[in-house]
Amino acid sequence: MNRRGFSLVEMLLVMVIIGLASLIGIPRLRAVTDRANVRGARGEVMDLVSKARVVAVARGCTATFNVTTGAAAKVWVTTCKTSDVGAASAVLDTVWIVDSLANRFKVDITADVATITFDRRGLRTAPYVTSVIRAQSTTSSVIDSVQVNPVGKVLGR
């Protein structure tokens, strides 16, 4: 007997195997995605704090890393305009901005400070303070953090 195609039993067996593979694989995929999102947010924060330090030295005036916390967290860097370097009162210039870090990476951001300021030498203006900025996944308990030491060095945990 020459038959073409698959029987109903064979199709159901394949569907059950696919279902079991999905049942096992999807939770692991979600955990991997959550870890990648938290690490991405941490990397973005580390990058912007380092850029704030660099722009303070490059422009020869103070630069500030700013962060808002929560589910609508944003991070950005402000400094003096290049035309105002050395002036008594400088107008702030937003150098880098990440409009919504929390939405982009699906994380909640918490920080123990709202700003981290660097002087023209790239050193923190608040000595003896270590600041911590944390990123936690909104869908799981994955958490990671960035430390900025009293000198201004950026450390990821």
Side-chain angles (χ1 to χ4, degrees), residues 18-157:
I18 290 172
L20 288 174
S22 299
L23 191 64
I24 294 169
I26 288 176
R28 289 182 184 215
L29 183 62
R30 181 168 288 138
V32 168
T33 303
D34 287 343
R35 280 195 301 273
N37 282 339
V38 169
R39 286 183 185 144
R42 182 195 69 182
E44 194 75 40
V45 168
M46 289 176 68
D47 188 42
L48 273 158
V49 173
S50 297
K51 285 179 179 178
R53 194 172 181 194
V54 167
V55 79
V57 173
R59 292 195 180 186
C61 61
T62 60
T64 304
F65 168 80
N66 304 280
V67 60
T68 59
T69 59
K74 297 179 182 180
V75 292
W76 68 97
V77 176
T78 56
T79 187
C80 64
K81 291 190 176 195
T82 53
S83 59
D84 293 340
V85 173
S89 63
V91 178
L92 289 182
D93 185 19
T94 301
V95 183
W96 285 284
I97 187 167
V98 176
D99 53 356
S100 185
L101 188 68
N103 288 339
R104 192 164 121 202
F105 291 105
K106 296 176 183 62
V107 295
D108 284 332
I109 302 293
T110 57
D112 56 1
V113 294
T115 61
I116 299 172
T117 305
F118 298 95
D119 65 13
R120 60 186 183 83
R121 298 169 297 169
L123 300 174
R124 285 193 63 182
T125 58
Y128 313 113
V129 176
T130 298
S131 300
V132 179
I133 303 162
R134 291 179 187 82
Q136 181 172 1
S137 173
T138 56
T139 58
S140 69
S141 62
V142 178
I143 189 168
D144 209 341
S145 62
V146 174
Q147 284 186 343
V148 183
N149 72 8
V151 178
K153 186 174 180 181
V154 182
L155 307 167
R157 277 196 197 169

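Side chains included, hydrogens not; waters and symmetry mates left out as well; all remaining heavy atoms used.
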Any side-chain heavy atom of [X] sitting closer than 4.5 Å to one from [Y]?
X      : Y      : answer
Ile116 : Ile133 : yes
Val55  : Phe65  : no
Ile143 : Ser137 : no

Determine yes or no for a side-chain-to-main-chain donor-acceptor pair under 3.5 angstrom, with [X] supplying the side chain and [Y] the backbone.
X      : Y      : result
Thr69  : Ala111 : no
Thr117 : Thr125 : no
Arg121 : Val57  : no
Thr138 : Lys106 : yes
Arg42  : Ser145 : no
Arg120 : Ala63  : no

Taking all non-hydrogen atoms of both residues, which atom of [X] and which atom of [Y] are closest, and how far apart?
X      : Y      : value
Val113 : Val67  : O-CG1, 3.5 Å
Asp112 : Val132 : OD1-N, 3.0 Å
Arg124 : Val129 : NH1-O, 3.1 Å
Val107 : Ala41  : CG2-CB, 3.9 Å
Val38  : Ala135 : CG1-O, 3.5 Å
Val148 : Phe118 : CG1-CZ, 4.4 Å

- Trace of the side-chain contact (heavy atoms from CB on, under 4.5 Å) decision for Thr79 with Cys61: CA-CA 7 Å; Thr79 187; Cys61 61; 3.4 Å; yes
- Message: Checking Val146 against Glu44 for the side-chain contact (heavy atoms from CB on, under 4.5 Å) test, could you report, in this order, the C-alpha distance in whole Å, the side-chain angles of both residues, the deciding distance, and whether it holds?
- Response: CA-CA 10 Å; Val146 174; Glu44 194 75 40; over 6 Å; no
- Task: Look at Asp144 together with Arg35 and state whether they make a salt bridge at an N to O cut-off of under 4.0 Å.
- Result: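 No salt bridge links Asp144 with Arg35.
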- Arg30 bridged to Asp34 by N-O distance under 4.0 Å: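 Looking at Arg30 and Asp34, the cut-off is not met.
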Out of curiosity, [X] [atom1] to [Y] [atom2], how far, rounded to the nearest 0.5 Å?
X      : Y      : atom1 : atom2 : result
Lys74  : Ile109 : NZ    : CD1   : 13.5 Å
Thr78  : Leu92  : OG1   : CG    : 5.0 Å
Arg134 : Gln147 : CZ    : CD    : 8.5 Å

- After noting the C-alpha distance and the side-chain angles of Asn66 and Thr115, does the key distance pass the side chain to side chain donor-acceptor pair (under 3.5 Å) rule? CA-CA 5 Å; Asn66 304 280; Thr115 61; 5.3 Å; no
